[in-house]
Structure formats: C-alpha cells, structure tokens
Enquirer: 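One structure, as structure tokens, below. Some questions next.
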Amino acid sequence: MFSVQSFRQRGGKAAGAVQAGAGLFAYSRQVDSWVVTTQKPVRYEVRFCDDLFARGSRDLVDAGAGPAPATGRSRRFVVLDANVDLLHGDAIRDYFERHGVEARLCVVAANETTKDFETAARIIAEIDDFGLDRRREPIIAIGGGVLMDVVGLVGSLYRRGTPFVRVPTTLIGLVDAGVGAKTGVNFNGHKNRLGTYHPAEVTLLDRTFLSTVDRRHIGNGLAEILKIALIKDAELFDLLEGHGELLLEEKFQGVTAVGAQVADAVLRHAIHGMLEELQPNLWEAELERCVDYGHTFSPTIEMHALPALLHGEAVCVDMALTTVLAHRRGLVTTTDRDRVFSVMHRIGLPSWDPLLEPELLAKALEDTVRHRDGMQRLPLPVGIGDVGFVNDVTAEEIAAAVAEQSTLGRVKATGVV
Ligand SMILES: NC(=O)c1ccc[n+]([C@@H]2O[C@H](COP(=O)([O-])OP(=O)(O)OC[C@H]3O[C@@H](n4cnc5c(N)ncnc54)[C@H](O)[C@@H]3O)[C@@H](O)[C@H]2O)c1
Ligand SMILES: [Zn+2]
C-alpha cells in the first residue's frame, strides 16, 4: 500500500511514474489500495465592527469579497431574519444601495420551530435562482443564532461549499453561534441533528443590534456567557455577579460609563474564551469539550419544551442541575453554588423546569452519550472558573440532584418564583 502524498498522473496515462512530494514512486499493477492524506487550512476572522451600516463604513461590502467581476456589477445574496428586517431593513437596504451593490434580500422567519431543512432548501433554491458566483459573492447572513446556523448549512451545501459572512444580531449570535464553525438544523425532533462544520470567512460583530433585542433574549445570551464564566473564567463570573442586571438593563449599549466598560469587558472575555476553546478543537476530534457545559441535558429539554424555553434558558436549567451535581460531589462549595443560582436569577434565567423528570433526563443523557462516542464526558464545574469531566453519573444521582434543584431553582421569569 502506498501513502499518496501528492498525486499527479502524467499525460492522463495509467502507466509510468507518478511524482510524489518527497520523490518518485513507481506505478505498480500490484497496488490495490491508496490512502490519501491532506490538510485543509482554515482561517476566519471575527471582528468587532459597530455601526456597520453607518455612512462611510465599507466593512460588510468588502468582507470576503473576491476579485471584482468582469461585468463591474457588484452583487450580494443577503439572508435576513424577518424581525431584523422589520427593525433594521431600511438601513440595510440603504447601505447596499449607497455602495452600488445589487443586493437580493431573502427574508426568513427564523426561529427554533423553522430551523429545519425545508427552510435551508428554500434559501438554496433562491440562491440558485440568483445565480450566485461563489468566488466573488459571499452569502451574507444577518440575524440571530438560528439564521447563522441555517445559512452556515446552506453555505456548506451549495456547490459543495460557498463562502459566507456573518452579521449576528442577537447576544447568542455575537458570543456563540456567530463565532464558531458549526452549522445545523433540527431534524426528526432532534436538536441540530443535521449539520456541518463551515465557519464564515468573516464575522462582523455589531453590538448596536442588541438595542432592539428584548430583555428575555439578552438573558438568553447571558446564559452562554455564564457558561464560559463557570467553566473557565472566574473574572467573567465576577463581572456578571456585579453587573448582570445592568447588562440586562442597558442591553450592552453603554448607556452609563460603567455599563459601557462592563459590556465591553464581558463581550471580550466571552468571545475570547470561546475562541480559545474552539481553535485547537474546531472539528471536535477531542470529545471532552468544556464548552459543552450546559449542553448535556439541554438539547432534549429544549426540544421537548419547544417553544417555551429558549436555547440559553434550556442551557441554564442544565447548568443549574450540573452545579447541584458538582456541589453534591464536593466540587463546588455551598457558597459558590448559591452564588451561581443567584446570578442566574438576577439575569432573569430559569434554574429549574417542570420538564426535569428522571425519565427525560435519562433519555437526554443516553442521547448525549451516543453523541460523545459512548461515554458521558460530562463537564462539571470545579469551583467557579474551572471544569472537570466525569463518566460515572447514575440515574439515582441525577434524581437526587433534581430534587434538590427544584427547591433551589426557579422557573422562567414569567412563571412562579
Ligand atoms: N452554531 C453554534 O455554535 C451555536 C451556538 C449557540 C447557539 N446556537 C443556536 O442558536 C440558536 C439560538 O440563537 P438566538 O437566541 O439568537 O435565536 P434566534 O435566532 O431565534 O433569535 C431570537 C429572536 O430574536 C429575533 N431577533 C434577531 N435579531 C434581533 C434584533 N436585533 N432585534 C430584535 N429581534 C431580533 C429573531 O427574529 C428571533 O425571534 C439556537 O438554535 C442554537 O442552537 C448555535
Ligand atoms: Zn448553546
């Protein structure tokens, strides 16, 4: 068996010598197996870029753009969340017009219940109709986490890979869904069951979009930030503990000097922490991922609760359960456990849900174990700001933890407290 490093057949003939990277190896009729090894370098940029659609800003039209087309016509296919269209559509249309870019806007009602393959297929059909030139016209996605995930999938499928640019407009989008490589849609009642790894060439983070996001969805994003804080960044936790309500109140718009400073620090900590974890393990070959914290039971809980619990809310309920588990194992002190619950409540997040029944949790764990190659690899907080992985959690232990959680926890902000 040969290992083919670089394969170039001369003159299209099946005989003769083939040039390999390190030297020549001879063609042989005896060889009946080839192993091809190659590497695909990945480089993408995540950049703060407030007031993206302001006069004079060219960042979005320049992002990921290939060489100028021979026709001189500049075009973009823009997938736009329907709610973002209502709130910011005029500014977006004006922007492309001002820059002489022919923009085809594809407006999508993006939410967890429409995060499916049909929505992706509809967008693909429109892209095909547009006749997108994949080398010059990156798809632009403007919206929340759902839109980022769906358009990412579309980009990875269309012509086996079409570049795209992300403009996340929710907090989850800014700190999580917009910065990684994963794409996906829900399928067959399962969360993100179909998906690919296809990072955007460029993600432009414009936090002014958050001014129109409602409080509940700001809290939803704060849950993913709390995740990073709990497993790797005690300083970030302190910021949330000290200023969580202010962040919720000011929606990261820096209304006050303190608010501006904290919002900036929190976003930088959260994004840096996330990328620090993602970069060395972008394709998830390593299955012990600390950013999976809060994502062991939550995919099943979220899909069962749909649409009652938002993604971050389901993640928070999972984090509350695993904080109790960690406390019961002596990994987290009582004081720290109570601090965690207190932060969750102050930023309006649920820390318990009536769906947390032992059978559903067992099913959720079973599904996650299948996803994690037969082992639990359950991330648990160690104190505040560190993580450990366990593989021996039992159904009894979960049941006892849930019982305790139900006395400490609260349901969604609008429900009983
Ligand atoms: N790929 C990843 O790594 C990753 C990471 C985290 C989350 N996710 C996914 O992200 C999704 C959750 O994202 P989300 O919370 O952004 O949900 P979402 O995309 O459904 O957006 C929430 C709501 O806010 C609206 N909206 C968006 N921008 C707005 C704005 N600027 N002003 C007012 N309203 C606005 C949307 O229309 C929607 O109704 C989940 O499906 C989750 O699986 C993916
Ligand atoms: Zn998540």
Side-chain angles (χ1 to χ4, degrees), residues 46 52-53 79-89 91-92 107-116 119 141-153 155-156 166-187 190-200 203 205-228 231 251-253 270-271 274-275 277-278 281-282 284 289 291-299 301-303 306-307 309-319 379:
V46 176
L52 200 53
F53 298 105
V79 191
L80 185 60
D81 178 295
N83 287 322
V84 177
D85 184 29
L86 287 176
L87 295 157
H88 306 274
I92 294 169
V107 178
V108 176
N111 58 64
E112 207 57 48
T113 58
T114 58
K115 188 182 178 183
D116 52 27
T119 301
I142 308 177
V146 167
L147 197 95
M148 300 292 104
D149 278 3
V150 176
V151 178
L153 181 66
S156 66
R166 283 181 293 214
V167 179
T169 59
T170 59
L171 187 52
I172 282 209
L174 259 84
V175 299
D176 200 335
V179 304
K182 287 203 275 196
T183 81
V185 292
N186 304 331
F187 181 73
H190 294 286
K191 178 95 184 140
N192 296 331
R193 189 48 53 100
L194 299 180
T196 55
Y197 295 91
H198 186 62
T203 294
L205 306 174
D206 180 351
R207 64 194 115 172
T208 64
F209 275 112
L210 301 182
S211 65
T212 55
V213 170
D214 63 35
R215 275 172 76 97
R216 184 173 172 204
H217 281 90
I218 298 286
N220 190 38
L222 284 170
E224 297 279 15
I225 296 178
L226 179 60
K227 169 188 81 178
I228 295 289
I231 44 97
K251 300 183 178 177
F252 290 79
Q253 300 307 296
I271 293 164
M274 178 61 91
L275 289 176
E277 293 304 315
L278 295 184
N281 191 26
L282 203 60
E284 303 186 6
R289 293 180 357 116
V291 286
D292 274 346
Y293 181 54
H295 293 70
T296 298
F297 303 98
S298 68
I301 298 169
E302 184 182 350
M303 291 308 279
L306 200 66
L309 280 182
L310 300 176
H311 177 73
E313 292 171 346
V315 168
C316 195
V317 165
D318 180 318
M319 294 194 295

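Atoms within each ligand, like the ligands themselves, are counted from 1 in listed order. Basis for what follows: all heavy atoms, side chains included, without hydrogens, waters or symmetry-related copies.
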Enquirer: Compare N220, L87, T169 and give the one whose heavy atom is closest to atom 15 (O) of ligand 1.
Expert: N220
Enquirer: Nearest heavy atom to atom 1 (N) of ligand 1: which of V213, L174, T170, D149 does it belong to?
Expert: D149
Enquirer: Among the N, O or S atoms of H295, which one sits nearest to the Zn ion (ligand 2)?
Expert: NE2
Enquirer: With the Zn ion (ligand 2) at the centre, find the angle made by OE2 from E224 and NE2 from H311, to 10°.
Expert: 90°
Enquirer: Among all the protein's non-hydrogen atoms, which is closest to atom 36 (C) of ligand 1, and how far away is it?
Expert: D81 OD2, 3.3 Å
Enquirer: So which bit of M148 gets within less than 4.0 Å of ligand 1, heavy atoms only: side chain, backbone, both or neither?
Expert: neither
Enquirer: Can you tell me if Q253 uses its side chain to pair, donor with acceptor, with the backbone of R207 under 3.5 Å?
Expert: yes
Enquirer: Are any of the N or O atoms of G145 closer than 3.5 Å to those of ligand 1?
Expert: yes
Enquirer: With no hydrogens and no angle check, is any side-chain donor or acceptor of T114 less than 3.5 Å from a backbone partner on A109?
Expert: yes
Enquirer: When you measure from the heavy atoms of L310 to every atom of ligand 1, does any distance fall below 4.0 Å?
Expert: no
Enquirer: Is it the case that ligand 1 has an N or O less than 3.5 angstrom from some N or O of E302?
Expert: no
Enquirer: Please list the nearest protein heavy atom to atom 20 (O) of ligand 1 with its residue and the distance rounded to 0.1 Å.
Expert: V146 CG2, 3.3 Å
Enquirer: I'd like to know if the side chain of T183 and the backbone of H198 have a donor-acceptor N/O pair within less than 3.5 Å.
Expert: no
Enquirer: Can you tell me which residue and heavy atom of the protein come closest to atom 23 (C) of ligand 1, and the distance to 0.1 Å?
Expert: H217 NE2, 3.6 Å
Enquirer: Would you say ligand 1 has an N or O under 3.5 Å from any N or O of F209?
Expert: yes
Enquirer: Counting heavy atoms only, which of I172, I218, V291, T183 is nearest atom 7 (C) of ligand 1?
Expert: I172
Enquirer: If you measure every N or O of T212 against every N or O of ligand 1, does any of those distances drop under 3.5 Å?
Expert: yes
Enquirer: When you measure from the side chain of N186 to the backbone N and O of N192, does any donor-acceptor pair fall under 3.5 Å?
Expert: yes
